[in-house]
Structure formats: structure tokens, C-alpha cells
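Input: a single structure, listed below in C-alpha cells.
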Amino acid sequence: MQYWLMKSEPDVYSIQDLQAEKSKTCDWEGVRNYQARNFMKDMQKGDQVLFYHSNAKPPGIVGYCTINKTAYPDETSLDKKSNYFDSKSTKEINRWVKVDLKLKKVFSEILSLDFLRGQKTLKDMLLLKKGSRLSVQPVKKTEFDKILKLAGVK
DNA sequence: GCCAACGTTGGC
DNA sequence: GCCAACGTTGGC
């Protein structure tokens, strides 16, 4: 079992949007960064994922999910009308993948970036490192547990 | 809207 | 394979 953090801009897709899905699941489309993609390929069913709102007021962790389906082709890269179109991908050789998430919990309050920076035990989190922009990143079990505790889930 | 920190692209 | 130019991310 591994732990991850995934970023989404709430204007594009928020955790409330996920909550509004009947199935409480979503396809995590549109990742167009190799490092992020490689992490997605490493994900196993049942892995736990923190859901982060970026470009939000305030930015922060808003809940968590589990991996419902491991990596498979992201066909939005083939759709000329999609924002995620990639001219170098074909049906045969599609560079990009997505995973499916299932919502576990929406935190009662956002754990804002500011608040997280104030937590000494989280200071090594990738998310809090200067210049860290990865939209999919690994999280240590200790960090994940701490965050659930801070959110009042555990 | 600014801009620092990264990633990617493409000419050489 | 280097690296300058360009594009993107994302906090502020």
C-alpha cells in the first residue's frame, strides 16, 4: 500500500464535483507530465490519495480517495477538441495514462497550505518544498497518517 | 497579474 | 547531448 497526493484546480474539477458523482468515482485525466505519469503507473488498487486544491483560495488538502482502477490509456490525448490533446500520441502509442479514484472522505475543513507549513512533522513533505509543482506525488505513510489525524478523520 | 521554478522543445 | 527559448504551474 502506497500513499499519494494529487492536485486539481477546483475551477476545473473539485472534490465537491467528485462528491456529486453518483458513483463517487472519477477518471483522473489530463496529466501531461512524465514524472507525474510515472507515479500514476506505480499506483496500485487500494492505494490512498490525498486530494489537493491548487490555484484555490486557500490552496490545501480537502479530502482523500483510494485508487479504484490502475493506470490505463487517457484517450483525451487523442481528442483534437480536448484541452489535453497531444499531437504526438496515437491510439497505438499513447504516451498518457489516467487512473480512477474513489472518494473516501471530504474533510470537514480544508487543511490549508499555510496551516500545513506550520506543522513541524510535515516539513519534509514534497508538497511543501520550494518550487515543487508536481501534480502527482508520493506521500510517506507517517505524513498521510498525520494529515488524517489533523483532519480529525483518525 | 506577476514571476520564480521547473519542464519541454528544437536547433545546432 | 547541450542549452536557449519558450511554456506551464501555482503561490502570492
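Numbers restart at 1 for each chain; the letters A, B, ... are given by sequence-line order, proteins then strands.
The environment of CD in Gln16(A) is crowded: more than 12 heavy-atom neighbours from other residues, nucleotides or ligands sit within 6.0 Å. No more than 12 heavy atoms of other residues, nucleotides or ligands sit less than 6.0 Å from atom NZ of Lys123(A).
Residues forming a salt bridge (Lys or Arg N to Asp or Glu O under 4.0 Å) with Lys104(A) (at least two apart in sequence, or on another chain): none.
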Strand DNA chain B as a dot-bracket string - pairs counted if Watson-Crick or G-U with both distances under 3.5 Å, | where the partner lies in another strand:
||||||||||||
Base contacts versus sugar-phosphate-only contacts with protein, heavy atoms under 4.0 Å: please encode nucleotides 6-12 of chain B as B, S and - from 5' to 3'.
BSSSS--
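Asp100(A) and Thr25(A) form no side-chain donor-acceptor contact under 3.5 Å, judged by distance and modelled atom types alone. In summary, the side chains of Thr76(A) and Asp74(A) do present a donor paired with an acceptor at a separation below 3.5 Å, with no hydrogens or angles considered. With no hydrogens or angles considered, no side-chain donor-acceptor pair links Asp79(A) and Ser82(A) at under 3.5 Å.
Between Tyr34(A) and Trp96(A), the gap from one ring centroid to the other is short of 6.0 Å.
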